[in-house]
Amino acid sequence: MTIRVVIVDDQAMVRAGFAALLSAQADIDVVGEAPDGREGVRVSRSTHPDVVLMDVRMPEMDGLTAARELLDPPPGVVHRPKVLMLTTFDIDDYVYEALRAGASGFLLKDAPPADLIAAVRVVASGEALLAPSVTRRLIADFVQQRPAPRKDPALRLNGLTPRETEVLELIARGLSNQEIAGHLVVAEQTVKTHIGRVLSKLDLRDRAQAVIFAYEAGLVRPGDAG
């Protein structure tokens, strides 16, 4: 199955470089490009990509606003692509807000080409791009700096079984499905089942939102992960 990608970035050279790299992959097809968030939303609505690579800072409409429009579309719009934010270290605050809005992760613009290709495949498969320890540290830092009210998330934890709560904690600490399975001494498929139930019960889109929820609920604290 071919992964359909739209690239949204105000730098033409960045778009061209990413497009050339991704188009060279047999399983990836770049179906559109845009120089700003507003045009990115329009292109995405017309081409129905699986993944949108979204720069954070752009004219007309920034990447955070555009990501929110794509991930929480108006009535009548049923297509919701995965959004992978493109960023640099000095604007990670926006990335955190994008993760809370439902983005599937972020990638540094100067990441190696192999990382970009892998990131698109990971996000397209429905996973969140949370493997790099820097991602977990950043999420922890932002929750520590601007903690959200914890009463509601903490209460929502009551709907989870002890094992589901344990799985959520291990997700927030940055463990992969395979690592969680080894830690709990269960099959990896069992872990996937638990994760599915956690996401469903807590009304979360993916692992990225699960990590943030765990921090905001106080299940883990900054510094615990990564």
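The chain is numbered in sequence order, starting from 1. Side chains are part of it too, since the values below use all heavy atoms of this structure and drop only hydrogens, waters and symmetry mates.
With a 4.5 Å cut-off on side-chain heavy atoms, Ile28 and Thr2 do not count as touching. A 4.5 Å side-chain heavy-atom check between Asp55 and Thr87 finds every atom pair outside the cut-off. With contacts defined as side-chain heavy-atom distances shorter than 4.5 Å, the pair Leu86/Leu108 does not qualify. For the pair Val31/Val5, no side-chain contact is recorded, criterion being any heavy-atom separation below 4.5 Å from C-beta on. By the 4.5 Å heavy-atom criterion applied to side chains, Phe213 and Leu168 are counted as neighbours. No side-chain heavy atom of Leu107 sits under 4.5 Å from any side-chain heavy atom of Val120. For the pair Met85/Val56, a side-chain contact is recorded, criterion being any heavy-atom separation below 4.5 Å from C-beta on. Side chains of Phe18 and Val14 form a contact here, defined as non-hydrogen atoms less than 4.5 Å apart.
Residues Ala66 and Met54 share a closest heavy-atom pair of CB-CE, 3.6 Å. Annotation for Gly102 and Leu71: closest pair C-CD1, 3.3 Å, computed over non-hydrogen atoms. Between Val211 and Ala172, the closest heavy-atom pair is CG2-CA, 4.0 Å.
Judged by distance alone, the side chain of Ser46 and the main-chain N or O of Val43 form a donor-acceptor pair under 3.5 Å. One N or O on the side chain of Asp62 and one on the backbone of Leu64 form a donor-acceptor pair closer than 3.5 Å. A donor-acceptor distance shorter than 3.5 angstrom exists from the side chain of Ser23 to the backbone of Ala19, with no hydrogens or angles considered. The closest donor-acceptor contact from the side chain of Gln25 to the backbone of Leu22 lies at 3.5 Å or more, if one exists at all. Without hydrogens or angle criteria, His79 side chain to Pro49 main chain gives a donor-acceptor distance under 3.5 Å. At distances below 3.5 Å, not a single donor-acceptor pair connects side-chain atoms of Ser200 with backbone N or O atoms of Gly196. Between the side chain of Arg4 and the backbone N or O of Thr47, at least one donor-acceptor pair lies under 3.5 Å. Panel note: side chain Glu69, backbone Thr65; no donor-acceptor pair is recorded below 3.5 Å.
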Discussion item. Pair Ser104, Leu84 - check side-chain contact (heavy atoms from CB on, under 4.5 Å), show working.
Written reply: CA-CA 6 Å; Ser104 294; Leu84 180 61; 5.8 Å; no
Discussion item. Checking Ile212 against Leu204 for the side-chain contact (heavy atoms from CB on, under 4.5 Å) test, could you report, in this order, the C-alpha distance in whole Å, the side-chain angles of both residues, the deciding distance, and whether it holds?
Written reply: CA-CA 10 Å; Ile212 293 171; Leu204 303 173; over 6 Å; no
Fill in: Worked check of side-chain contact (heavy atoms from CB on, under 4.5 Å) between Ile3 and Asp29
CA-CA 6 Å; Ile3 302 169; Asp29 185 14; over 6 Å; no
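Scored by the side-chain hydrogen bond (donor to acceptor under 3.5 Å, both in side chains) test, Glu169 finds Arg173 as partners (sequence neighbours excluded). For Lys201, the salt bridge (Lys or Arg N to Asp or Glu O under 4.0 Å) partners at least two apart in sequence or on another chain are Glu164.
The side chain to side chain contact (heavy atoms under 4.5 Å, CB included) test with Val8 singles out one residue from Val52, Val41, Leu53, and that residue is Val52.
Put simply, CD on Glu179 and CD on Glu188 are 10.0 Å apart, with the number rounded to the nearest 0.5 Å. Rounding to the nearest 0.5 angstrom, the gap separating the OG1 atom in Thr165 from the NE2 atom in His194 is 11.0 Å. Rounding to the nearest 0.5 angstrom, the gap separating the CD1 atom in Ile171 from the CD1 atom in Ile180 is 5.0 Å. Distance check: Arg197 CZ to Leu202 CG gives 13.5 Å after rounding to the nearest 0.5 Å.
Asp10 and Arg15 are not joined by a salt bridge, as no carboxylate oxygen comes within less than 4.0 angstrom of a charged side-chain nitrogen. Of the charged side-chain nitrogens involved, at least one lies within less than 4.0 Å of a carboxylate oxygen, so that Asp27 and Arg121 count as a salt-bridged pair. Salt-bridge annotation for Asp9 and Lys109: present, with a side-chain N of the basic residue lying under 4.0 Å from a carboxylate O of the acidic one.
Within the structure, salt bridge (charged side-chain N to carboxylate O under 4.0 Å, His left out) pairs that include any residue of residues 34-43 comprise Glu39-Arg42 (at least two apart or interchain).
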